[in-house]
Amino acid sequence: MNRRYKREFYLDDVLQVAPALLGQHLVRQQPDGTRSVYTITETEAYRGEDDLACHASRGRTRRTEVMFREGGLLYIYFIYGMYWMMNVVTGATGTPQAVLIRGLREASGPGRLTRLIGMDGSYYGEDLVTSSRIWIEPAGNTPPFKAGPRVGIDYAGDPWKEKPWRFLVTDEG
DNA sequence: AACACGATTTCG
DNA sequence: GAAATCGTGTTT
């Protein structure tokens, strides 16, 4: 049975969606129907053109274009010459926001988890609401978590580098 | 056309 | 502490 989140869930503000994703299930489905389920344990919010840590703050480019679209799409990008980063676009059309998936119970670290679940540039713009190969399902209530500064974005300066927009499950409940 | 650098990971 | 490694955005 497919209990995936519908569009409405992703249209909320990124500061609502990022923590709400903690503890929920990321589902991958192979062409033969085989499914793998992973539990989200760490997320980070990137919020709008004002947020200097958010790629959308440099404007609408070929890479960031999908963030300006409706919530529920995937924003995938390549960094450091070797890692794919996976983000879930949130908010209504015209409000560029995204949630970086930083950790799964099965693999900690944004670069590691994309390698584990086979995520790459071919998923850029994939719609979690309609895709047959990846989506997210609610798994229950949000587990206990803590918030802290985002990682690797000191270049953004104040006040952005201080925003407690990194969300981390504290207990494997 | 050339250049600088990054929402990271790994190794020493 | 530093290398690995290349797409993207910016400058020439």
Side-chain angles (χ1 to χ4, degrees), chain A residues 9-24 26 28 36 38-128 134-136 142 145-170:
Chain A
F9 174 79
Y10 301 104
L11 295 181
D12 272 342
D13 189 274
V14 69
L15 294 180
Q16 280 287 127
V17 181
L21 284 174
L22 296 175
Q24 311 316 317
L26 177 64
R28 292 280 282 116
S36 299
Y38 308 92
T39 302
I40 299 172
T41 58
E42 184 178 347
T43 61
E44 262 177 10
Y46 288 86
R47 189 170 186 270
E49 295 171 276
D50 292 338
D51 177 4
L52 296 184
C54 180
H55 290 164
S57 67
R58 317 297 145 64
R60 190 168 187 156
T61 66
R62 181 163 192 163
R63 182 178 63 153
T64 64
E65 193 271 335
V66 74
M67 268 199 285
F68 289 76
R69 295 203 258 153
E70 67 181 343
L73 307 180
L74 287 185
Y75 166 41
I76 308 291
Y77 68 91
F78 192 60
I79 193 166
Y80 297 122
M82 43 187 123
Y83 302 110
W84 292 101
M85 300 285 113
M86 178 176 124
N87 303 252
V88 176
V89 174
T90 64
T93 299
T95 63
Q97 317 180 326
V99 178
L100 170 65
I101 306 301
R102 289 193 58 88
L104 300 175
R105 180 178 295 164
E106 298 79 3
S108 179
R112 287 188 185 143
L113 72 88
T114 52
R115 197 174 47 190
L116 172 74
I117 71 177
M119 205 41 42
D120 61 32
S122 70
Y123 285 82
Y124 183 92
E126 188 87 356
D127 191 346
L128 294 175
I134 183 169
W135 62 85
I136 300 175
T142 302
F145 70 92
K146 66 178 180 182
R150 293 173 291 180
V151 177
I153 52 102
D154 283 355
Y155 65 82
D158 291 318
W160 310 107
K161 69 178 186 183
E162 313 294 347
K163 296 285 186 185
W165 291 352
R166 177 193 189 198
F167 306 99
L168 187 63
V169 172
T170 53

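Chain letters run A, B, ... following the sequence lines, proteins first, then strands; residues in each count from 1.
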Peer 1: Return the nearest nucleotide to the side chain of A/Arg112; candidates are B/dA7, B/dT9, B/dT10.
Peer 2: B/dT10
Peer 1: May I have the distance from A/His55 (atom NE2) to C/dT10 (atom P), rounded to whole angstrom?
Peer 2: 12 Å
Peer 1: Indicate whether OP1 or OP2 belonging to C/dT8 is found under 4.0 Å from a side-chain N or O atom of A/Arg62.
Peer 2: no
Peer 1: So, do A/Tyr46 and B/dA7 meet the stacking rule of ring centres under 5.5 Å and planes under 30°?
Peer 2: yes
Peer 1: Both distances under 3.5 Å, Watson-Crick or G-U wobble: report the partner of C/dT5, or none.
Peer 2: none
Peer 1: Please list, chain by chain and in numerical order, all residues satisfying ring pair (Phe, Tyr, Trp, His ring centres under 6.0 Å) with A/Tyr123, sequence neighbours excluded.
Peer 2: none
Peer 1: From the list B/dT9, B/dA7, C/dG7, which nucleotide is the closest neighbour of the side chain of A/Phe78?
Peer 2: C/dG7
Peer 1: Base, sugar-phosphate, or nothing: which does A/Gly111 touch, judged by heavy atoms less than 4.0 Å apart?
Peer 2: sugar-phosphate
Peer 1: C/dG7 C1' sits how many Å from A/Asp120 CG, rounded?
Peer 2: 14 Å
Peer 1: If I take atom CH2 in residue A/Trp84 and atom C1' in nucleotide C/dT5, what distance separates them, rounded to the nearest angstrom?
Peer 2: 13 Å
Peer 1: Using whole Å, report how far CD1 of A/Ile79 lies from C1' of B/dC5.
Peer 2: 9 Å
Peer 1: Atom CZ of A/Arg150 to atom P of B/dA7: distance rounded to whole Å?
Peer 2: 11 Å
Peer 1: Heavy atoms under 4.0 Å, any strand shown: does A/Arg115 hit a base, just sugar-phosphate, or nothing?
Peer 2: sugar-phosphate
Peer 1: Could you identify the nucleotide paired to B/dA7, looking across every strand shown and requiring Watson-Crick or G-U wobble geometry with both distances under 3.5 Å?
Peer 2: none
Peer 1: Determine yes or no for a side-chain-to-main-chain donor-acceptor pair under 3.5 angstrom, with A/Arg112 supplying the side chain and A/Gly103 the backbone.
Peer 2: no
Peer 1: What is the distance from OH of A/Tyr80 to P of C/dT8, rounded to the nearest Å?
Peer 2: 16 Å
Peer 1: Under a 3.5 Å distance rule, please check whether A/Glu44 uses its side chain to pair with a backbone N or O of A/Val151 as donor and acceptor.
Peer 2: yes
Peer 1: Between C/dC6, B/dT9, C/dG9, which nucleotide gets closest to the side-chain atoms of A/Arg63?
Peer 2: C/dG9
Peer 1: Should the pair A/Phe145 and A/Phe167 be assigned to parallel (<30°), tilted (30 to 60°) or perpendicular (>60°) ring geometry?
Peer 2: perpendicular
Peer 1: Using the side-chain heavy atoms of A/Met82, tell me which of these nucleotides is nearest: B/dT8, B/dT9, C/dA4.
Peer 2: C/dA4
Peer 1: Would you classify A/Tyr83 as touching base, sugar-phosphate or nothing, given that sugar-phosphate means primed atoms plus P, OP1 and OP2, and contacts are heavy atoms under 4.0 Å?
Peer 2: base
Peer 1: What is the distance, rounded to the nearest whole Å, between atom CZ of A/Arg60 and atom C1' of C/dT10?
Peer 2: 21 Å
Peer 1: Starting from C1' on B/dG6, measure out to OH on A/Tyr75 and report it in whole angstrom.
Peer 2: 11 Å
Peer 1: Of the options C/dG9, B/dA7, C/dC6, whose atoms approach the side-chain atoms of A/Thr61 most closely?
Peer 2: C/dG9
Peer 1: Between A/Arg58 (side chain only) and A/Leu52 (backbone N and O only), is there a donor and an acceptor less than 3.5 Å apart?
Peer 2: yes
